[in-house]
Amino acid sequence: MIEATIFAVVGIAFLIGLGVWQLDRKTWKANLILTVTTRTTRAPEDLPPRASWPRLVQEGNEYHRVAFPAEFLEGQEALVYTAGSPFRPDVKGPGYWVFAPAQLAGGSIVVVNRGFVPVDAKDPATRTDGNVRGIVEVVGFMRWPETRGLFTPADDPKTNVWYLRDPKAMAAEKKWATAAPFYIDQESPVPPGGWPKPGKLSVELPDNHLQYAITWFGLALALAGVYVVWVAGRFRRRHH
C-alpha cells in the first residue's frame with residue numbers, strides 16, 4: 001500500500017511537472033516568434049560599430065536587421081551541414097550553409113552566413129559564379145553562435161565541414177581575425193549564379209506545446225483515477 005502510494009504520488013507529480021514545463025515552453029515559443037517577427041521586419045540599421053561589440057548581448061540584439069558595406073575574403077569559407085531550418089522555409093533538403101569572413105571598411109572581420117548550397121554544390125569549384133569580388137552592400141540579420149547538444153556530431157575541419165553554427169570555432173581553425181560575438185545571416189544580395197542562396201528569415205516554428213501539456217495533465221489525471229479506484233477496491237475487500 002505504501003509503495004503504491006509513493007509510486008502514484010511521484011508519478012502524478014512528474015506528469016504534472018511535464019505539463020507545466022510544456023506551458024512554459026509555449027510561453028517561450030510565443031515570445032520568440034514575436035521577437036523574431038518584430039526584429040526581422042524592421043528596416044535595416046547600420047551594423048553596430050566595432051567599439052560596441054563587447055557590450056552586445058544575444059537577448060537584446062539577435063535577429064536585428066542590419067546593412068553594411070564589406071568585402072568577402074576570396075577563397076575563404078567554411079561549410080555547416082544542415083537538414084533544413086525553421087527560419088528558412090525556402091531551403092529544401094540537406095545541404096550546407098556557407099560561412100565566410102567579410103572585411104569591413106575599418107579592417108574588422110565579421111563572419112557572414114552567405115546562404116545555402118545543396119549537397120551537389122559543396123565544392124566551391126561548382127559555383128564559381130558566386131565568388132563576389134569587391135565591396136558589396138550586405139543586408140542580413142545578427143545571429144549568435146549555437147551551443148553544442150548531446151547528439152551534435154563532432155566538426156570535421158579536415159573536410160571543411162562543421163555541424164554547429166559557431167563562427168568562433170571556424171575562425172580559430174581558419175585564422176580569421178574576428179572579434180565579433182555574432183555572425184550575420186545574409187539576406188541580400190543574391191550572388192551571380194544563385195549559390196550560395198541567401199534569404200530573409202521567416203518564422204515557421206511549430207507550436208504544439210498546449211497539446212503536449214494537455215496530454216501530460218490527462219495522464220496525471222488518469223493515474224490519479226487508477227490509484228483512487230485501486231485504493232477503493234482494497235477498502236471494499238477489507239470490509240468484506
Side-chain angles (χ1 to χ4, degrees), residues 22 24-48 56-70 72 77-100 102 110-122 127 129-130 132 136-149 152 161-167 170 180-212:
Q22 286 295 337
D24 289 340
R25 291 285 294 175
K26 178 175 176 58
T27 301
W28 168 83
K29 182 70 68 65
N31 290 335
L32 175 62
I33 292 173
L34 177 61
T35 297
V36 175
T37 302
T38 301
R39 293 180 181 179
T40 57
T41 53
R42 292 173 179 165
E45 302 174 352
D46 291 339
L47 185 72
L56 299 179
V57 293
Q58 182 174 5
E59 291 77 10
N61 299 97
E62 189 162 32
Y63 304 111
H64 278 175
R65 194 165 175 238
V66 295
F68 56 95
F72 290 104
E77 67 176 39
L79 302 175
V80 180
Y81 178 80
T82 179
S85 170
F87 293 102
R88 285 286 304 275
D90 60 307
V91 171
K92 308 296 183 183
Y96 302 91
W97 302 116
V98 179
F99 278 67
V110 171
V111 178
V112 177
N113 174 11
R114 296 188 58 203
F116 174 81
V117 295
V119 172
D120 57 5
K122 176 184 178 183
R127 43 184 168 84
D129 288 345
V132 179
V136 295
E137 184 72 11
V138 177
V139 177
F141 308 90
M142 298 176 66
R143 300 294 306 275
W144 258 251
E146 295 177 314
T147 55
R148 188 170 297 277
T152 306
V161 174
W162 274 256
Y163 292 92
L164 199 68
R165 283 178 279 190
D166 183 1
M170 302 173 206
F182 56 87
Y183 68 93
I184 302 296
D185 261 342
Q186 184 174 330
E187 175 186 354
S188 66
V190 178
W195 303 117
K197 181 184 180 183
K200 188 172 180 62
L201 299 187
S202 176
V203 188
E204 294 193 6
L205 300 174
D207 186 2
N208 301 315
H209 299 293
L210 180 59
Q211 295 94 308
Y212 296 152

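With hydrogens and angles disregarded, a donor-acceptor distance shorter than 3.5 Å links the side chain of R39 to the backbone of E62. Put simply, the side chain of K200 never gets that close to the backbone of T41: no donor and acceptor are under 3.5 Å apart. Proximity of a side-chain donor or acceptor of R114 to a complementary backbone N or O of P196 within less than 3.5 Å is not detected. Although no hydrogens or angles enter the test, the distance criterion places no donor-acceptor pair under 3.5 Å between the side chain of S188 and the main chain of V190. A donor-acceptor pair is defined here as one N or O able to donate and one able to accept, closer than 3.5 Å; no such pair exists between the side chain of R143 and the backbone of R165.
Heavy-atom minimum distance, T38 versus L34: OG1-O, 2.8 Å. The two residues T37 and I33 come nearest to each other via the heavy atoms OG1-O, 2.7 Å. Counting all heavy atoms, side chain and backbone alike, P189 lies closest to P198 at O-CG, 3.6 Å. Closest approach of A121 to R127, counting heavy atoms only: O-NE, 2.6 Å. The two residues A78 and M170 come nearest to each other via the heavy atoms CB-SD, 3.8 Å.
No more than 12 heavy atoms of other residues, nucleotides or ligands shown are found within 6.0 angstrom of CG on D46. By the neighbour-count criterion of 12 heavy atoms within 6.0 Å, atom CD of Q58 is densely surrounded, having more than that number from other residues, nucleotides or ligands.
By the ring pair (Phe, Tyr, Trp, His ring centres under 6.0 Å) test, F141 pairs with no residue at all, sequence neighbours left out. Residues satisfying the ring pair (Phe, Tyr, Trp, His ring centres under 6.0 Å) criterion with W162, sequence neighbours excluded, are absent altogether.
One finds no salt bridge joining R88 and D185 here, because no Lys/Arg side-chain nitrogen approaches an Asp/Glu carboxylate oxygen to under 4.0 Å. Taking 4.0 Å as the cut-off between side-chain N and carboxylate O, E187 and R65 count as a salt-bridged pair.
The CH2 atom of W97 lies 5.0 Å from the OG1 atom of T82; values are rounded to the nearest 0.5 Å. Between atom CD of residue Q211 and atom CD of residue Q22 there is a gap of 10.0 Å, rounded to the nearest 0.5 Å. The structure places CG of L164 at 7.0 Å from OG1 of T147, a figure rounded to the nearest 0.5 Å. Put simply, CZ on R42 and OH on Y63 are 14.0 Å apart, with the number rounded to the nearest 0.5 Å.
Under the 4.5 Å side-chain criterion, counting only non-hydrogen atoms from C-beta, P192 is in contact with V132.
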Test log, rule side chain to side chain contact (heavy atoms under 4.5 Å, CB included), inputs I184 and L47 = CA-CA 10 Å; I184 302 296; L47 185 72; 4.1 Å; yes

request  = Walk me through it: do N61 and F182 pass the test side chain to side chain contact (heavy atoms under 4.5 Å, CB included)?
outcome  = CA-CA 9 Å; N61 299 97; F182 56 87; over 6 Å; no

message = Using the rule given for side chain to side chain contact (heavy atoms under 4.5 Å, CB included), can you reason through K197 versus D90, listing the C-alpha separation, both sets of side-chain angles and the distance that settles it, and then say yes or no?
response = CA-CA 10 Å; K197 181 184 180 183; D90 60 307; 3.4 Å; yes

ask   = Where do F116 and S85 land on the side chain to side chain contact (heavy atoms under 4.5 Å, CB included) test, with the steps shown first?
value = CA-CA 10 Å; F116 174 81; S85 170; over 6 Å; no

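Using bins of under 30°, 30° to 60° and over 60° for the plane-to-plane angle, the ring pair Y96/Y81 lands in the perpendicular bin.
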